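Quick caveat, the model's predicted, so the values are computed rather than measured. FYI, the numbering just counts along the sequence from 1.
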Amino acid sequence: QVQLVESGGGLVQAGGSLRLSCAASGRTFSRYAMGWFRQAPGKEREFVGYINWSGDITYYTDSVKGRFTISRDNAKNMVYLQMNSLKPEDSAKYYCAGSKSTHTVTSRLLYDSWGQGTQVTVSS
């Protein structure tokens, strides 16, 4: 497993942008596919986006396509989630997660490393 720490959350107005960062520890980070999930109060944790180990494959849930972008820097053990055109319904705690699967994974059950989350609040 890798240890993950998210940062970059905060309060932003609708239409604004935030960039979340996820710092990973461990030499095996580059072997992990990475995902971003979010969880709003009273709701289940949901998939946001995915990036494969090399960074050349990404996948997003429909509600964020065209607004969110995932990237990674394996040399720095970092994963990023750029969020643009934010909406109030994007408000949630955002988590990064690592998976050893070689397939595009959207299920949180296939991720075995999780960060503690960072809160994003979008005001209307």
**OP:** Please round to the nearest 0.5 Å and tell me the distance separating atom CG of L4 and atom SG of C22.
**Re:** 4.5 Å

Original post:
How long is the span from the OG1 atom in T104 to the CG atom in L110, to the nearest 0.5 Å?
Top reply: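 Interatomic distance, T104 OG1 to L110 CG, rounded to 0.5 Å: 11.5 Å.
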
Subject >> ring pair (Phe, Tyr, Trp, His ring centres under 6.0 Å) involving W53 - partner list, sequence neighbours excluded >> reply: none

Original post:
Which residue pairs pass the salt bridge (Lys or Arg N to Asp or Glu O under 4.0 Å) test with at least one member in residues 63-85, sequence neighbours excluded?
Top reply: D62-K65, R67-D90

Subject >> salt bridge (Lys or Arg N to Asp or Glu O under 4.0 Å) contacts in which one or both residues fall within residues 99-121, not counting sequence neighbours >> reply: none

Original post:
Within a strict 4.5 Å, meaning less than it, do heavy atoms of the M83 and V120 side chains meet?
Top reply: yes

**OP:** With the side chain counted from C-beta on, respond yes when I57 and Y50 share a heavy-atom pair under 4.5 Å apart, and no when they do not.
**Re:** yes

Closest non-hydrogen atom pair, [X] against [Y]:
X: F29; Y: V79; answer: CZ-CG2, 3.4 Å
X: Y60; Y: I70; answer: OH-N, 2.8 Å
X: P88; Y: S124; answer: CG-CB, 3.8 Å
X: G98; Y: M34; answer: CA-SD, 3.7 Å
X: R38; Y: A92; answer: CB-CB, 3.8 Å

**OP:** Give the C-alpha distance, both sets of side-chain angles, the deciding distance and a yes or no for side-chain contact (heavy atoms from CB on, under 4.5 Å) between L81 and F68.
**Re:** CA-CA 7 Å; L81 180 65; F68 290 13; 4.1 Å; yes

Set of side chain to side chain donor-acceptor pair (under 3.5 Å) partners for [X], sequence neighbours left out:
X: Q39; answer: R45
X: N52; answer: S54, D56
X: T102; answer: none

**OP:** Inspect the surroundings of CD in Q116 and state if more than 12 heavy atoms from other residues, nucleotides or ligands are less than 6.0 Å away.
**Re:** yes

Original post:
Is a donor on one side and an acceptor on the other found under 3.5 Å between the side chain of E6 and the backbone of T118?
Top reply: no

Subject >> Set of side-chain contact (heavy atoms from CB on, under 4.5 Å) partners for V12, sequence neighbours left out >> reply: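 Testing V12 for side-chain contact (heavy atoms from CB on, under 4.5 Å), a comparison that skips the adjacent residues, returns L18, L86, V122.
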
**OP:** Under the side-chain contact (heavy atoms from CB on, under 4.5 Å) rule, collect the residues that match up with S71, sequence neighbours excluded.
**Re:** Y80

Original post:
Does anything in residues 93-114 pair up under ring pair (Phe, Tyr, Trp, His ring centres under 6.0 Å), and if so which pairs, sequence neighbours excluded?
Top reply: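 Ring pair (Phe, Tyr, Trp, His ring centres under 6.0 Å) check on residues 93-114 returns F37-Y111, F37-W114.
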
**OP:** Provide the full list of side chain to side chain donor-acceptor pair (under 3.5 Å) pairs with a residue in residues 7-26, sequence neighbours left out, each pair given once.
**Re:**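 Output for this query lists Q3-S25, S17-N84.
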
Original post:
By the rule that ILVMFWY residues connect when side-chain heavy atoms come within less than 4.5 angstrom, directly or transitively, which residues belong alongside L11?
Top reply: none

**OP:** Just jot down the salt bridge (charged side-chain N to carboxylate O under 4.0 Å, His left out) partners of E89, sequence neighbours excluded, or say none.
**Re:**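 Result, salt bridge (charged side-chain N to carboxylate O under 4.0 Å, His left out) vs E89: none returned.
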
